[in-house]
There are 2 protein chains.
Amino acid sequence: MKARVESDAQGRRQVYEACLEPCAIEQGMRIIGGKWTGSILWHLQDGPVRFNDLARMVGGASKKMITERLRQLETQGLVRREVMATAPVSVQYEITEIGRSALGFLDELRKWSEELPQDIHAASRP
Amino acid sequence: MKARVESDAQGRRQVYEACLEPCAIEQGMRIIGGKWTGSILWHLQDGPVRFNDLARMVGGASKKMITERLRQLETQGLVRREVMATAPVSVQYEITEIGRSALGFLDELRKWSEELPQDIHAASRP
DNA sequence: CAGAATCCAACCGGATACTG
DNA sequence: CAGTATCCGGTTGGATTCTG
């Protein structure tokens, strides 16, 4: 999992590349690190939310983005989609148990992020 | 921080958009969610590492990427760069206290990712 | 060794307009 | 309401080559 650098008997350095592929951290980031993904899961933690409400809750994201992320989360099994047979049609999104299992460190991330010196966020813009 | 959907006395739904900007989760992701960023920090946790060693440890990343992420982490104060006056020149990268404070949930992320059903990772490719 | 420079194809994501 | 379709500029990131 973690690569090491050591020196052999002759003092030559050697890199043990134990983290070639797949790296769990990178893999995990590709699941919940996408733009808006974390926010979407976060806003689903208290129960099902309808599409347009979700789009409003995740401030700044376009409906196109919300749709794409939701589709991805659905195929990954982190979110469940339910169509209510009403008129006009209503669609609910609900977090699954797998999705819920990510909320723990999403909260860790939130706390970490909030406690950072403010200028760090400023320095994070391209 | 978290948006809510409620119904008023007349039964009309209302979205309280408490998560407009800045959203701590998104902000945090923009710091450590970048490609290779997590891996870089992860491989610095046991002490300073030289540039080329780091490039080998973070499997799959080009030197260009490693450089870019390291520069970003440096301006954000998560990583410290030290040039050793040797010949040929040697450059060390060391994690700072702020950077170290991220290792906690990076490890949470790693554990979460490792315990996921394998096919989820497969479903995460575009 | 530790990058910088350049090139370029692929992808991302916002804006806008349209639909059942 | 809950999307889909299309356009399109900007960014990303790999490959390659060069340097002190």
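Note on naming: letters A, B, ... go to the chains in the order of the sequence lines (proteins, then strands), and numbering restarts at 1 for each one. These numbers come from a predicted model, not from an experiment.
A/Leu44 is not listed as a side-chain neighbour of A/Met57, based on a closest heavy-atom distance of 4.5 Å or more. The side-chain heavy atoms of B/Arg30 and B/Gln27, taken from C-beta on, include no pair separated by under 4.5 Å.
Distance, A/Arg50 CZ to D/dA2 C1': 9 Å, rounded to whole Å. Protein atom CE of A/Met84 is 11 Å distant from nucleotide atom P of D/dA2, rounded to whole Å. For A/Glu82 and D/dG3, the CD to P distance is 13 Å, given to the nearest whole Å. Following rounding to the nearest Å, A/Glu74 (CD) and D/dA2 (C1') show an atom-to-atom distance of 14 Å. Whole-Å rounding puts the B/Leu54 CG to C/dC1 C1' distance at 14 Å. Between B/Ile40 atom CD1 and C/dG3 atom P the separation is 12 Å, expressed in whole Å. Straight-line distance from the CZ atom of B/Phe51 to the C1' atom of C/dA2: 6 Å, rounded to whole Å. For the pair B/Gln72 CD and D/dT11 P, the interatomic distance rounds to 14 Å; values are reported in whole Å.
Residue B/Thr67 places its side chain closer to C/dA4 than to any other of D/dG3, C/dA4, D/dA2.
The side chain of A/Arg71 contributes no N or O atom lying less than 4.0 Å from OP1 or OP2 of D/dA2. In this model, the phosphate group of D/dA2 is not approached by any side-chain N or O of A/Arg81 to a distance below 4.0 Å at OP1 or OP2. Within the 4.0 Å cut-off from OP1 or OP2 of C/dA2, not a single side-chain nitrogen or oxygen of B/Arg56 is found. The phosphate of C/dG3 has OP1 or OP2 within less than 4.0 Å of a side-chain N or O from B/Tyr93.
Ring pair A/Phe51/A/Tyr93 is tilted by interplanar angle, where 30° to 60° counts as tilted.
Of the possible donor and acceptor atoms, none in the side chain of A/Gln45 sits under 3.5 Å from a partner among the backbone N and O of A/Arg100.
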Heavy-atom contacts, protein to nucleotides 13-20 of chain C, under 4.0 Å, summarised as B (base), S (sugar-phosphate only) or - (none) per nt, yield BBB-----
